[in-house]
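In the text below, chain A, chain B and the rest are named by the order of the sequence lines, each starting its count at 1.
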Amino acid sequence: MTLRIYNTLTGKKEEFTPISPPKVGMYVCGVTVYDLCHIGHARSAIVFDVIYRYLRHSGFDVNYIRNFTDIDDKIINRAKELSIEWDEVATKFIDEFNIDMAALGLLKPNIEPKATDHISEMIEMIQSLVDNGKAYEINGSVYFSVKSFPQYGSLSKRNIEELQSGIRIEINDEKQDPLDFALWKASKPGEPAWESPWGSGRPGWHIECSAMSRKYLGITFDIHGGGKDLVFPHHENEIAQSHACSGEAPVNVWLHNGFVNVNAEKMSKSLGNFCTIKDALALYHPEIIRYFVLTSHYRSPVDFTDTALSDARKNLARFYDLLSIENSLVPSESDSIKSDSSMVTKFNELMDDDFNTATTLAYLGSELRKYNKIRAEFERMHQKSERYEKAKHHLKRGVFTLRQLGQTLGLFMEKPDNFVKQFKAAKLTEVGMSNDELELQIDEREKARAEKNFEKADQLRDNLAKKGIRLQDTPKGAVWTVDFN
RNA sequence: GGCGCCGUAGCCAAGUGGUAAGGCAGAGGUCUGCAAAACCUCCAUUCAGCGGUUCGAAUCCGCUCGGCGCCUCCA
């Protein structure tokens, strides 16, 4: 089976055929750096991180570009509020963005271009649009003439007439047509400005992506992604500019991710209902957030709720629990482990269907159950028996493959022991108990059990359970873990 | 007002023509001193409602109701 991707342009799932395989050019709209990022940004970043990882896993040589919009009205306004320079605002929030993305375990794109490093490329593009009559200059600003591009609206499924009927008339609008959008904005005194053939000014929002994607990926490239809200007008405008400039459609496949909702409403700055990535990371391990994101399809909206995140935590913990047997399986023998090809095939098949991480995760969950069963039997077997060796090999292979496949989703990146340890440490801090104190109680209970004083033993266990500490009596003695319920 | 998306069990969520994945919660069982964990079994004759197309529809078409998004900055 080959990879099929839902293309916003056609509204259908299509077989993915790169322009020059195995190379794939992918451009994803990044963020405007004027504030901290919220979970919505995290979802977008995680979705495209998984797409990037999976494309590489599938043998593509991906050139992944994600930009920073580092000049914009919001940045200028923010600078005024904070009484600092606009570029300090940009630098500060680029740093914060990088910290957040690293914390979320995202792979770095190949190139992360900044708009302000590409002014000359933008000017060049704007000039050629002016030269061929697709754009015009008024009072030092340059606008793209939407009417000059008849295909306008093809991405967002609108047409020029209906857009015109719904337009709001702005006061003092100098544009020839209300639909026209700025390629270059004349700057007011005191605003950041660059020299251009039309006087000093700064670029409009949309032109940066056209200029940078063309520079790094060429006139026509494979994939362009971003949040659903960018479809109109941002990506529509990008298509218009780039196409009008080169005569070619700039992008083959347009990919858009759905929103993160809070109480079924879009999470956004303007609604004030957002949770920053930093807030979320204070509560949840990065892979829990990733797991949560991946349990829904990337195009559907997701509701950011406590129960959804708790479910994700519980399931992730189950995987890590199985993976943690790795250590006990890696003794002396140096046999190389091969991955379970049937599991890999199935995984690929599910992911090939428009990156359906929800079904993929469900499938990995069924493999988890299967191997947990083998694990339970294995732990009861006599060592040195033939069956034991066989089961061990089987388990090893399963765990190895599970881990490998999880990692192509950006999951199971931690050492399994560490994953649980973090939660245990956090729990001890939470209940204000040292590890020694806890061990003492566990010993005490073990003694009580040995003396068949079950009443006392159960009481000790119940007390710990109330604190969220779960004791489990295993053949190897009592162990404790965090109760994820 | 225009355009678009969505409505699947108590909750979350896959599934775009072939007879409803999975998770959480719940019930029973194996294991256990009892538990826990793990495993096994069960848990939607039905996919907002009403019509239509079809041998066959959650999936296609129409209408109704409900929710959301875009049309202004937005992942």
Side-chain angles (χ1 to χ4, degrees), chain A residues 8 11-13 28-32 34-35 37-48 69 72-74 77 153 156-159 161-168 170 179 205 225-234 236 256-261 264-271 274 291-292 295-297 299-303 305 307-312 314-315 317-318 321-322 350 353 356-366 368-377 379-380 449 452-455 457-458 461-462 465 470-475 478-481 483 485:
Chain A
T8 308
K12 284 189 290 230
K13 279 187 207 171
V28 175
C29 286
V31 293
T32 300
Y34 73 103
D35 205 347
C37 288
H38 56 63
I39 287 295
H41 299 106
R43 181 186 192 192
S44 185
I46 289 168
V47 161
F48 287 103
T69 299
D72 163 274
D73 286 347
K74 290 194 295 293
N77 293 336
S156 56
K157 316 280 183 274
R158 298 156 207 244
N159 58 53
E161 294 81 68
E162 78 198 19
L163 279 166
Q164 255 154 355
S165 68
I167 207 85
R168 295 182 203 179
E170 292 164 43
L179 290 182
W205 174 35
K228 259 196 168 93
D229 49 352
L230 297 182
V231 173
F232 190 90
H234 185 52
E236 198 69 73
H256 294 97
N257 66 274
F259 296 129
V260 174
N261 292 161
E265 268 191 328
K266 174 181 173 180
M267 180 181 289
S268 76
K269 295 273 168 65
S270 38
L271 289 171
F274 64 93
Y291 195 101
F292 156 72
T295 47
S296 297
H297 187 90
R299 280 187 277 117
S300 313
V302 295
D303 233 26
T305 63
T307 38
L309 272 296
S310 299
D311 283 359
K314 205 178 292 181
N315 284 309
R318 269 167 59 81
D321 182 50
L322 173 67
L350 295 169
D353 182 18
N356 197 333
T357 53
T359 48
T360 303
L361 242 29
Y363 168 66
L364 293 183
S366 72
L368 167 70
R369 172 166 293 131
K370 181 172 121 191
Y371 284 103
N372 265 336
K373 191 174 179 177
I374 295 170
R375 174 193 188 178
E377 285 161 4
E379 281 168 351
R380 279 195 219 106
R449 286 186 68 212
K452 304 238 187 275
N453 184 351
F454 295 121
E455 202 177 318
D458 290 352
R461 185 175 61 195
D462 290 347
R470 187 160 66 199
L471 290 192
Q472 294 173 205
D473 297 320
T474 73
V479 296
W480 76 277
T481 187
D483 188 349
N485 289 304

So does A:Arg375 pair up with A:Glu379, basic N to acidic O under 4.0 Å? yes

Is A:Gly40 touching bases, backbone alone, or none of the nucleic acid, heavy atoms closer than 4.0 Å? base

Counting the atoms with a prime plus P, OP1 and OP2 as sugar-phosphate, which does A:Ser300 contact under 4.0 Å by heavy atoms, base, sugar-phosphate, or nothing? sugar-phosphate

Could you check whether A:Gly225 gets within reach of a base, just the sugar-phosphate, or nothing at all, counting any heavy atom under 4.0 Å? nothing

Between B:G26 and B:A37, how far is it from one P atom to the other, in whole Å? 10 Å

Detail all sub-3.5 Å separations between protein N/O atoms and N/O atoms belonging to nucleotides 64-67 of chain B.
none

If you look at every strand shown and take non-hydrogen atoms under 4.0 Å, does A:Phe259 touch a base, only sugar-phosphate, or nothing? base

Taking B:G10 as the reference, what is the distance to B:G69 when you measure between their C1' atoms (whole Å, please)? 28 Å

So what does A:Thr307 hit on the nucleic acid, given a heavy-atom distance under 4.0 Å: a base, only sugar-phosphate, or nothing? nothing

Only pairs with both distances under 3.5 Å count, Watson-Crick or wobble alike; so what is the partner of B:G7 in this structure? B:C65

For A:Val302, report the nucleic acid contact type (base, sugar-phosphate, nothing); a contact means any heavy atom under 4.0 Å. nothing

Taking only N and O in the side chain of A:Arg369, is any of them less than 4.0 Å away from OP1 or OP2 of B:C40? yes

Which part of the nucleic acid, if any, lies within contact of A:His256, taking any heavy atom under 4.0 Å across all strands shown: a base, the sugar-phosphate backbone alone, or nothing? nothing

I need the CG-P distance between A:Asp303 and B:C68, as an integer number of Å. 12 Å

Within the structure shown, what part of the strands sits under 4.0 Å from A:Lys228 by heavy-atom distance: base, sugar-phosphate, or nothing? nothing

Under 4.0 Å, counting only non-hydrogen atoms across every strand here, what does A:Asn257 touch: a base, just sugar-phosphate, or nothing? base

So do the side chains of A:Arg369 and A:Asn372 get within less than 4.5 Å of each other, counting heavy atoms only? no

Mind checking the P distance from B:C70 to B:A27? Whole angstroms is fine. 42 Å

Classify the nucleic acid contact of A:Leu471 as base, sugar-phosphate or nothing, counting any heavy atom under 4.0 Å across all strands shown. base

Going 5' to 3' through nucleotides 28-33 of chain B, assign each nucleotide B (protein heavy atom under 4.0 Å from a base atom), S (under 4.0 Å only from sugar-phosphate atoms) or - (no protein heavy atom that close). -----B

I want to check one thing: is the phosphate of B:C70, taken as OP1 and OP2, less than 4.0 Å away from some side-chain N or O of A:Arg158? no

By nearest atom, which of the nucleotides B:A13, B:A75, B:A38 is closest to the A:Asn372 side chain? B:A38

For A:Lys314 and A:Ala308, find the nucleotide of RNA chain B closest to each by heavy atoms; which residue's nucleotide sits nearer the 5' end? A:Ala308

Closer than 4.0 Å, any side-chain N/O of A:Asn356 to the OP1 or OP2 of B:G15? yes

Give a yes/no on whether any side-chain N or O of A:Arg299 is located under 4.0 angstrom from OP1 or OP2 of B:A14. no

A:Lys370 NZ - B:C40 C1' separation (whole Å): 17 Å

Looking across every strand, which nucleic acid part, if any, lies under 4.0 Å from A:Lys269 by heavy atom: base, sugar-phosphate, or nothing? nothing

Please give the distance between the C1' atoms of B:G1 and B:C12 as a whole number of Å. 35 Å

Hunt down the Watson-Crick or G-U wobble partner of B:C43, both distances under 3.5 Å, from any strand shown, or write none. none

Would you measure the distance from the P atom in B:C61 across to the matching atom in B:C6 and give it in whole Å? 11 Å

